[in-house]
Amino acid sequence: MNRRELILSAGAASVCGLLGGAALGAANKPPTTDLKLQAARYRLRNTETGGLVSLSADNPPPVLTANQGELTVFNVENGLDEFTAMHWHGIRLPNAMDGVPYLTQFPIAGGESFEYRFAPPDAGTYWYHPHCMTMTQMARGLTGVLIVKENDDPGFDADQILNLRDFRLDENDELLPAYSLRRAARAGTLGNVLTANWLTNPVYDHPAGGIVRLRLVNSDTTRIYQLIINGGPSTVIAWDGHPIEVSLPEPTKEMPLVLGPGQRADLAVAMPSGEGQTIEVISMRSNGNNTMATLRATGGDQGRKLSDILPLPPNPVSKPDLSNAETHEFVFGWSPEGVVPKDGFCGTLGRTFWSINRMPWAGDAADSQGPLAALRLGKSYIFRFRNESPNQHPVHLHGLAFIPLRSNKRKLAANWTDTALLLKDEIMEVALVADNPGDWAFHCHVIEHQKTGLTGVIRVE
């Protein structure tokens, strides 16, 4: 079966699975959210910046919502003169809906649309971004948050989303080149303007003495955030969409919350009781801290405590059987010499610097590169990640959730995730159940690393 036949057959199987083999009647047809990629201008710093990309007219990409277990339809229209495809990061969806060009669908050309249909099994905080022209479109702003609502109201007084990312701007507030090859071969290219929801230190009002669900999303192409919450007590309640099973420390200067690109954290934050008092979300940096956003207390004291919030209900993730788990090892390191990536309408940096198991990704349109591992549907596995490079790698696996087991560098919290931040020289073991069939992308979420070789495919069949 060639790649085109694979994509078409996967699409047919996905539709049959979603519809249960029956056609949806007009009365049962789910609502469709229409989204259009378009050029945008926005004031990121002092003056308007042009050349941005969004799904909203001259505004940041919208926060999208879905209900746990309910069929959701997003119709994505490409209003640009370049190709695209939309990936729903962290959602365990049918393979044909995953938005990876040439692997699960063909790229969406300018003027064309693609309808994504899936029923998210897990509640929590997720996000979306293009997986075609990934470096260019993400660096120009196309990263948005997707919230999957729990079936029962968790009982917060407010919900605050912070989509954290930086931009590279010159002195005239115009976009600089998104990357340099020199930095792509190292830690990646950082921006110089840090934003939350495309704003520098926005202020958001919430009820005094109330409990806020603070959703932190690192949608950056490169930056690893070290975050602290200053001004009131807080506790981490979910990690990468899933309610925590092992508690995490409160984000403080001594123990900041570390979020690599692609990672998310939900916190319950107790607002101050007094009108006008504030809580700051601060990014710790070696050259000076940045206040990413401020939460300001308003109104009368609600008098609530963190203990008033019940634990979030667990998501229906299959737990691996470690006694019968097969182990696969993946080495993250440099690329062999002389590999030239293939560009199939989805962009390439023109070089390969990185590889998994000494196999650099040959490009989105490459048709001769097989999976790094073939897993049997329903079986348990241990993945051993071995980082042989001096740089950190947020390793993201599409379509599946895994749980950290152990590391040679630190103690790991055994909470479900889809993106693990691999430290320099770290060997990390994670476990999963191969419960979602298809060819799933597996890559570093430093996009320069992804586009220069640190990408592969995991097959579940």
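Owing to the predicted nature of the structure, the values given are computational and were not obtained by experimental measurement.
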Rounded distance [0.5 Å steps], NE2 in His449 versus CG in Asn391: 5.5 Å
Ring pair (Phe, Tyr, Trp, His ring centres under 6.0 Å) partners of Trp127, counting only residues at least two apart: His89, His129, His445
Pairing residues for Thr33 by the side chain to side chain donor-acceptor pair (under 3.5 Å) criterion, not counting sequence neighbours: none
Which residues share a ring pair (Phe, Tyr, Trp, His ring centres under 6.0 Å) with Trp440, sequence neighbours left out: none
Main-chain N/O of Thr134 paired to Lys451 side chain as donor or acceptor, under 3.5 Å: no
By ring pair (Phe, Tyr, Trp, His ring centres under 6.0 Å) - contacts of Tyr128 (at least two apart): Trp88
Pairs meeting criterion side chain to side chain donor-acceptor pair (under 3.5 Å) with involvement of residues 139-149, two or more places apart: Glu82-Arg140, Thr143-Arg165, Thr143-Ser219
Contacts of type salt bridge (Lys or Arg N to Asp or Glu O under 4.0 Å), residue Arg92, not counting sequence neighbours: Asp122, Asp435
Test item: Pro394 and Leu421 side chains (from C-beta on) under 4.5 Å apart, heavy atoms: yes
Minimum-distance pair of heavy atoms, taken over all atoms of Leu412 and Pro404: CD1-CB, 3.9 Å
Tyr116 and Leu93, any side-chain heavy atoms less than 4.5 Å apart: no
Output field: ring centroids His398/His443 closer than 6.0 Å: yes
For Pro261 against Thr419, the heavy-atom pair lying closest together: O-CG2, 3.8 Å
Heavy-atom pair with the smallest gap, counting every atom of Pro243 and Asn315: CD-ND2, 3.7 Å
